[in-house]
Amino acid sequence: MLCCSHVIAASLASAGNGTALVLFLSPAPTFRRIWKSRSVEQFHATPYLATLLNCMFWILYGLPMVHPHSTLVLTINGSGLVIELTYVLIFLVYSERNQRLRVLLVLIIEILFVGAVAAVVLTIVHGYVRRSLVVGVLCVIFGTLMYASPLSVMKQVIQTKSVEFMPLFLSLASFFNGICWTIYALIRFDLFITIPNGLGVAFAVAQLILYMMYRGSTVRQMKERKQKMEMGLVNTNGSLKDDLENGTKIGN
């Protein structure tokens, strides 16, 4: 029975790493759109900054001098770090000046914060158990923030009755990634993994419910905005925010 649970846990860990990679790559269509339009439109940088911070802390957690034998943690979060940093850099290139400064400031603060925590943990905190505990608690906190980061987007969805700027693939990837790691953590009785991923499942379910509620109205809004662009009534790079401000949004 014990052997069976180990096999299941190992399989879930592999599946979790696979879904985590899908989660990191799921915003690619969004950034392809940003790249082509040369504008971030009404997309938010918060989820990508939060995921970047989460990856940095899990990399710190997986270091041999903090938590030995954590190769899978290092590899998947190292990949996530590169991918999320690429997203943030694209966001910086195509955002407006004020937004660019805010995102850059947050990025710098994140790097300095993780660097400071790493310096303290590696010099003042001694022993694998204590280091793992300190960094593990921080991973729980910032992992929870990563999954909660779409709340700002969810607020926008409710206000505009549109899911245009809440990518479906990101919500689906968050859901399946959270499911895999929550089951794995329950088998291993690891609260550091259970708490953020359990909350991640709840937030992902909420996003999927919103998507089902507002998908129809989103299609109508995008179709009407396309018609108005053809008539020259809105800008080519117009957004739902512009529609609201100009009084051109459908369903008033």
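Computed over heavy atoms, backbone and side chain alike; hydrogens, waters and symmetry mates excluded. For reference, positions follow the sequence shown, starting with 1.
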Would you compute the distance between atom [atom1] of [X] and atom [atom2] of [Y] and round it to the nearest 0.5 angstrom?
X      : Y      : atom1 : atom2 : answer
Glu84  : Leu25  : CD    : CG    : 9.0 Å
Ile183 : Thr194 : CD1   : OG1   : 11.0 Å
Ser95  : Leu101 : OG    : CG    : 8.5 Å
Leu81  : Ile76  : CG    : CD1   : 12.0 Å
Asn77  : Ile59  : CG    : CD1   : 6.0 Å
Arg33  : Arg38  : CZ    : CZ    : 16.0 Å

With sequence neighbours excluded, residues passing side-chain hydrogen bond (donor to acceptor under 3.5 Å, both in side chains) with Ser174: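 Once residues adjacent in sequence are excluded, Ser174 has no partner under the side-chain hydrogen bond (donor to acceptor under 3.5 Å, both in side chains) criterion.
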Would you mind listing the cluster partners of Leu105? Hydrophobic ones only (ILVMFWY), side-chain contacts under 4.5 Å, chaining allowed.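 Cluster partners of Leu105: Ile109.
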hydrophobic_cluster_shared for [Y] and [X], side chain cutoff 4.5 Å:
X      : Y      : answer
Val82  : Phe91  : no
Leu104 : Tyr94  : yes
Leu49  : Leu112 : yes
Val129 : Val120 : no

Compute the ring centroids of Phe175 and Phe203, then answer whether they are less than 6.0 Å apart.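 Between Phe175 and Phe203, the centre distance exceeds or equals 6.0 Å.
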What about the rings of Tyr48 and Phe24, do their centers lie closer together than 6.0 Å?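 Not close enough - the centres of the two rings lie 6.0 Å or further apart.
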Mutual orientation of the aromatic rings belonging to Tyr87 and Phe31 [parallel < 30°, tilted 30-60°, perpendicular > 60°]: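 Tyr87 vs Phe31 ring planes: parallel.
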Donor-acceptor contacts under 3.5 Å from residues 131-140 side chains, at least two apart:
{"unit_1": "Arg131", "atom_1": "NE", "unit_2": "Val121", "atom_2": "O", "d": "3.3"}
{"unit_1": "Arg131", "atom_1": "NE", "unit_2": "Val125", "atom_2": "O", "d": "2.8"}
{"unit_1": "Arg131", "atom_1": "NH1", "unit_2": "Met65", "atom_2": "O", "d": "2.8"}
{"unit_1": "Arg131", "atom_1": "NH2", "unit_2": "Leu122", "atom_2": "O", "d": "3.2"}
{"unit_1": "Arg131", "atom_1": "NH2", "unit_2": "Val125", "atom_2": "O", "d": "3.4"}
{"unit_1": "Ser132", "atom_1": "OG", "unit_2": "Val66", "atom_2": "O", "d": "2.8"}
{"unit_1": "Ser132", "atom_1": "OG", "unit_2": "Tyr128", "atom_2": "O", "d": "2.8"}

Could you tell me whether the side chain of Val117 reaches within less than 4.5 Å of the side chain of Phe57, counting heavy atoms only?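 Phe57 reaches Val117 side chain to side chain.
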Within the structure provided, determine whether Met56 and Leu52 are in side-chain contact (heavy-atom separation under 4.5 Å).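 Counting from C-beta outward, Met56 and Leu52 do come under 4.5 Å.
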What are the two closest heavy atoms between [X] and [Y], and how far apart are they?
X      : Y      : answer
Pro64  : Pro68  : O-CG, 3.4 Å
Val88  : Val103 : CG1-CG1, 4.1 Å
Ala204 : Ser171 : CB-O, 3.8 Å

Run the side chain to side chain contact (heavy atoms under 4.5 Å, CB included) check on Leu89 and Leu92 step by step: do they pass? CA-CA 5 Å; Leu89 291 177; Leu92 284 171; 4.1 Å; yes
Test side chain to side chain contact (heavy atoms under 4.5 Å, CB included) on Leu21 and Ile83 and set out the steps. CA-CA 9 Å; Leu21 184 60; Ile83 294 169; 4.1 Å; yes
